[in-house]
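What's counted below: heavy atoms across the whole structure, side chains too, no hydrogens, waters or symmetry copies. It should be emphasised that the depicted structure is a prediction, and the values quoted were computed from it without experimental measurement. Throughout, residue positions are numbered sequentially from 1 according to the sequence presented.
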Amino acid sequence: MSQPIPSSPTSHEPSLGALVASATKDLSALVRSEIELAKHEVKDEVKHGVLGSAMFIVAGFFAFLALILLLIAAAYGLASLGLAPGWAFLIVAGVLLLVAGAVVFIGIRQLKKISVPEATIRTTKDSVATLKGSALH
């Protein structure tokens, strides 16, 4: 009896090189599609962020206009109590300057609290020293 000659395993199966090339191609396509998806998602998020920021700017502008009207109303309220209008507006302006001065004072105190990142500088210097030490050996 004659036995059939076994076919070589590579005749029906792709070679290792072909499998690696196929895997690389598939991985590359997957990475590209993930990047495109991320770009699309980020684009939508940025659009929503810009629109939301614009709404806050518009709201801030209208709040600023309302503040101006409230300050004018406060000055006219003082004038209706019998103060001369000029004095009433000067009082309101003086209060605004006091508030502005207080805000500047608080801002200066906060700025004076800023210091250099000492821990980062120390660890960076330690890392550089370690690298220099290991390079010498």
field: Expected output: side-chain S28 to main-chain T24 donor-acceptor under 3.5 Å
entry: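 The answer is no, because no donor-acceptor pair under 3.5 Å joins these two groups.
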
- prompt: Under 3.5 Å, side chain of S22 to main-chain N/O of L19, donor-acceptor pair present?
  reply: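 Judged by distance alone, no pair lies under 3.5 Å.
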
Locate the shortest heavy-atom distance separating [X] from [Y]; write the atom from each residue and the value.
X   : Y   : value
P85 : A79 : CA-CB, 4.1 Å
G77 : S80 : O-OG, 2.7 Å
A88 : L78 : CB-CB, 3.7 Å

- prompt: Under the criterion side chain to side chain contact (heavy atoms under 4.5 Å, CB included), which of L71, I72, L70 is the partner of I68?
  reply: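 Running side chain to side chain contact (heavy atoms under 4.5 Å, CB included) over L71, I72, L70 with I68 returns exactly one hit, I72.
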
field: Shared hydrophobic cluster, L81 / L83 (ILVMFWY, side-chain heavy atoms < 4.5 Å)
entry: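 Same cluster: L81 reaches L83 through Ile, Leu, Val, Met, Phe, Trp or Tyr contacts under 4.5 Å.
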
task: State plainly whether one hydrophobic cluster holds both V42 and V50, where clusters connect Ile, Leu, Val, Met, Phe, Trp and Tyr through side-chain heavy atoms under 4.5 angstrom apart.
output: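 Same cluster: V42 reaches V50 through Ile, Leu, Val, Met, Phe, Trp or Tyr contacts under 4.5 Å.
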
Return the [atom1] to [atom2] distance between [X] and [Y], rounded to the nearest 0.5 Å.
X    : Y    : atom1 : atom2 : answer
E41  : D44  : CD    : CG    : 8.0 Å
I35  : L30  : CD1   : CG    : 10.0 Å
K39  : K43  : NZ    : NZ    : 11.0 Å
E36  : H40  : CD    : NE2   : 10.5 Å
Q110 : I108 : CD    : CD1   : 11.5 Å

query: Could you give all pairs that pass the ring pair (Phe, Tyr, Trp, His ring centres under 6.0 Å) test and reach residues 54-90, with sequence neighbours left out?
result: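 Listed once each, the pairs are Y76-F89.
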
query: Looking at side-chain heavy atoms only, is the closest gap between L37 and E34 below 4.5 Å?
result: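 The answer is yes; the side chains approach within 4.5 Å.
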
